[in-house]
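Written out below as structure tokens is the structure these notes cover.
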Amino acid sequence: MLDIKNLHAEIGGKEILKGINLTVRPGEVHAIMGPNGSGKSTLSAVLTGNPAYKVTEGEVTFYGKNLLEMSPEDRSHEGIFLSFQYPVEIPGVSMVNFMRAALNAKRKYYNQDPLSASDFLKLMREKRAIVQLDNKLASRSVNEGFSGGEKKRNEIFQMAVLEPRLSILDETDSGLDIDALRIVAEGVNKLKTDNNATIVITHYQRLLDYIKPDVVHVLYKGRIVKTAGPELALELEERGYDWIKEEVDNAK
Amino acid sequence: MSSINQYIELYKENVEAVCGNSAGALNSARRSALEALDGASLPEKGDEDYEVTSLEDVFAPDYGVNVNRIDLGANPAEAFRCDVPNMSTCMYFLFNDAFHPGKNAANSLPEGVIIKSLKDAAAENADLVDEYYGRIASPDCKQTALNTLLAQDGIFVYVPDGVVMEKPIQLVNILNSGTPLMVNRRMLIVIGNNACARMLVCDHTQNCGVDYLNSQVVEIYAGENAVFDYYDIEDSSTGTNRVSSFYVRQQSGANLMIDGITLMNGFTRNNYVVDLAGSGTELHLYGMAMANGRRHIDNHTVVRHAAKGGRTDELFKYVLDENSVGSFSGLIQVCPGAEKTEAYQSNKNICASEGARMYSKPQLIIDCDDVKCSHGSSTGQLDQQALFYMRQRGIPEHEARLMLMQAFMNDVIAGVRMEALKDRLRHLVESRFAGNNSASCRSCSSTCHKQ
């Protein structure tokens, strides 16, 4: 579904991604690990079209369509979802209005009529249950005053509503206690089908105990320097990143 | 030469018509106004508290003044209905500056309440009007003196001591003329001790192809422990220039809400001068301004805490788009002897485009100890992170921007003390940002009319 070829990107004139190659197929779970500053979050920002980043070279296709030409909203409609590392608080915009606008924009993209009020509320109820999100949070402003765990659960709730084909979870485990982590991971697993895929960006093995990856990549200095099975994550947990850094730096 | 001169000439040439079509206190105040204007000029850009606004320019064009009170041929009660769903009001109209009661308006008034033409009141209720007219309007303010010189009519609202008005008073001001017109509206509002009232004022322009100068003065007296809300919504036209001066005096324990909302306009300058004369007063002074195109919105506030234990909560918010200009200058002055004052002033603005300009000057002057005061101002752009977050969820950029602008006004609307009006304002603000005139205040009237 997703093909990334030789992707280069920069922010403020500084090149962060220096030739990423990655292919993701339906049903797969990819983990992208790597030390701080290696470009993991930049990759998620570039895939979702964050205007702060500039692609300088390479191509990205999603189901054959040129992703880089699409607006962030169209990428969302095509089925790309990002669970933000730091979900944004939007005072004054209620969760209900936010989700209704998002959902109806997607329906419009596919020439469907907006959901009726009762169908919409029913859908919200169903999806909230997946991550045990309190009804009270749903009536508040987007992420405003939410705890760290509530914010991440809210991300997965939105993912459940929008039913993306490719979900990118950017450091979804950061700031979560072990119970919240379990709830979030279980939510992600419930949403897993043979037709959708997940990219899990994380520092730690911990989340991968719950969301089992098929492939593990190590990103370092803007390139994927190692790709292997789930056992790689365990090895990284044990040995850290230094041995990979040495391997890469010595090879130059 | 100051643009005041053309109005002085006009006055001198038509003094009989001006006075003959007015009455009592309105006429007796003209002499001192004329003296105050002798050799004077209006504020110009760069003058203190007029950093970006030139009233000389605004008053310069050759407007007609309807000194002979010619009926300009419309019946506002028939032509216009301004409705707030789920809210029943006592409705009145000022057609340019001429007073018309709405249907059944007078029947529903509590005993002793007077709502009538200011001109009629000056003749029929001379004692009351003489006691209050022109007492707090500052003669040092030249546009106020000019209004006093030329004002012939307007509205008089009197709520006697202890009377609680359940129904809000609604005043619909309509500008309508075939040729450029200057209107000098005057509003005198007296709320007695322990009285309670609410007033909703909507400014509209009907014949939008014509330029107007709406120069108005509003005087509000609130007696001891009076509770009064004044919501002022301007939904006019690009060719409407509004220069409005509010003078408010609150006696001990009076609790006021003054909320100035500019939904749609051309040029607007609002002065709010509030004298918290008695102790233990409470003032909520709110403002909300939305501008695009080349519109100009300038709010100037002066709140004077003259006695102990007063409380002011002031909040003005602007959203400026395209090439519009916003200005806020606000002063809270805590006088000697006004211990235990609590006063908070805040001005927050969004410039949604590169061409929009905001000027902000918050000021606090504190001349006594034991007070709690703060002031602050911030001007920024739409939150880019929030915008991207919304777009990532599929909300189109245009819609996401509108949602953020609307959300920005949320706390001003939340401060409104009438539930039905809150809902109406949310709807109006949403439509305003969406550029959807079909849902605006203006055409709500025509929809209602058809029903």
Side-chain angles (χ1 to χ4, degrees), chain A residues 44-53 70-110 140-144 151 154-155 157-159 161-164 166-168 170, chain B residues 261 286 288-290 315-319 346 348-350 352-354 376 378 380-416 422-423 425-434 436 439:
Chain A
S44 67
V46 169
L47 290 178
T48 49
N50 189 326
Y53 295 83
M70 287 184 209
S71 66
E73 43 270 43
D74 284 353
R75 296 182 202 205
S76 171
H77 301 322
E78 287 291 331
I80 292 182
F81 181 91
L82 171 62
S83 169
F84 284 67
Q85 182 176 2
Y86 304 108
V88 183
E89 296 192 8
I90 316 179
V93 175
S94 72
M95 269 309 295
V96 173
N97 282 345
F98 176 71
M99 286 318 296
R100 188 185 297 129
L103 196 62
N104 284 335
K106 182 175 179 180
R107 293 180 67 87
K108 190 176 174 192
Y109 187 77
Y110 291 103
R140 297 228 302 256
S141 290
V142 179
N143 291 322
E144 192 183 34
K151 282 181 183 170
N154 191 18
E155 294 292 284
F157 160 68
Q158 295 171 39
M159 177 174 150
V161 173
L162 295 172
E163 298 180 332
L166 173 66
S167 302
I168 304 166
D170 189 0
Chain B
I261 297 158
Y286 296 148
M288 184 161 82
M290 285 141 271
L315 173 65
F316 276 78
K317 287 189 138 182
Y318 293 63
V319 174
S346 172
K348 292 182 179 168
N349 317 300
I350 285 179
S353 69
E354 281 190 11
S378 65
Q381 294 162 356
L382 287 175
D383 182 344
Q384 294 301 310
Q385 284 182 327
L387 199 56
F388 178 66
Y389 187 74
M390 296 171 89
R391 295 178 73 190
Q392 206 301 304
R393 296 299 184 255
I395 302 173
E397 184 178 8
H398 176 69
E399 193 180 339
R401 285 169 57 91
L402 296 180
M403 287 173 78
L404 288 176
M405 289 188 205
Q406 203 190 331
F408 183 72
M409 292 305 190
N410 217 36
D411 47 353
V412 184
I413 297 175
V416 168
K422 255 188 216 182
D423 294 343
L425 279 176
R426 281 201 189 92
H427 175 69
L428 287 174
V429 168
E430 183 182 342
S431 322
R432 169 65 177 92
F433 284 133
N436 176 7

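This one's a predicted model, so the numbers in the text were calculated from it and none came from an experiment. Chain letters run A, B, ... following the sequence lines, proteins first and then strands; every chain starts at 1.
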Could you pull out the closest heavy-atom pair between Arg391(B) and Glu73(A), with the gap in Å? NE-OE1, 2.6 Å

Between Arg393(B) (side chain) and Met159(A) (backbone), is there a donor-acceptor pair under 3.5 Å? no

Within this structure, what is the CD-CG distance for the pair Glu430(B) and Asn97(A), rounded to the nearest 0.5 Å? 8.0 Å

Smallest heavy-atom separation, Ala105(A) atom then Pro396(B) atom, equals CB-CD, 3.7 Å

If only atom types and distance count, is the side chain of Gln392(B) paired as donor or acceptor with the main-chain N or O of Leu82(A) below 3.5 Å? yes

Relative to chain B, which of Ala52(A), Ala102(A), Pro72(A) shows the most heavy atom pairs under 4.5 Å? Pro72(A)

Report the relative orientation of the aromatic rings in Phe98(A) and Tyr389(B); use parallel for angles under 30°, tilted for 30 to 60°, perpendicular for over 60°. parallel

Closest heavy-atom contact between Pro91(A) and Ala407(B)? O-CB, 3.4 Å

Please round to the nearest 0.5 Å and tell me the distance separating atom CD1 of Ile395(B) and atom CE of Met99(A). 8.0 Å

Counting heavy-atom pairs under 4.5 angstrom with chain B, the leader among Leu162(A), Asn50(A), Asn104(A), Val142(A) is Asn50(A)

Working to the nearest 0.5 angstrom, can you tell me the gap between Met390(B) CE and Ile90(A) CD1? 5.0 Å

Does any heavy atom of chain A fall under 4.5 Å from the side chain of Gln406(B), the backbone, both, or neither of them? neither

Crowding at CD, Gln385(B) (>12 non-hydrogen neighbours, <6.0 Å): no

More than 12 heavy atoms from other groups under 6.0 Å of OH on Tyr86(A): no

Could you give me the CA-CA distance, side-chain angles and deciding distance for Val88(A) and Phe388(B), then say whether side-chain contact (heavy atoms from CB on, under 4.5 Å) is met? CA-CA 9 Å; Val88(A) 183; Phe388(B) 178 66; over 6 Å; no

Check the surroundings of atom NZ in Lys108(A): do more than 12 heavy atoms from other residues, nucleotides or ligands lie under 6.0 Å from it? no

Part of Asn143(A) within contact of chain B (heavy atom distance under 4.5 Å): side chain

Within the supplied structure, the quantity of interest is the number of heavy atoms (other residues, nucleotides, ligands) at a distance under 6.0 Å from Lys151(A) NZ; does it exceed 12? yes

Which answer fits Pro87(A), side chain, backbone, both or neither, if we ask what part of it has an atom under 4.5 Å from a heavy atom of chain B? both

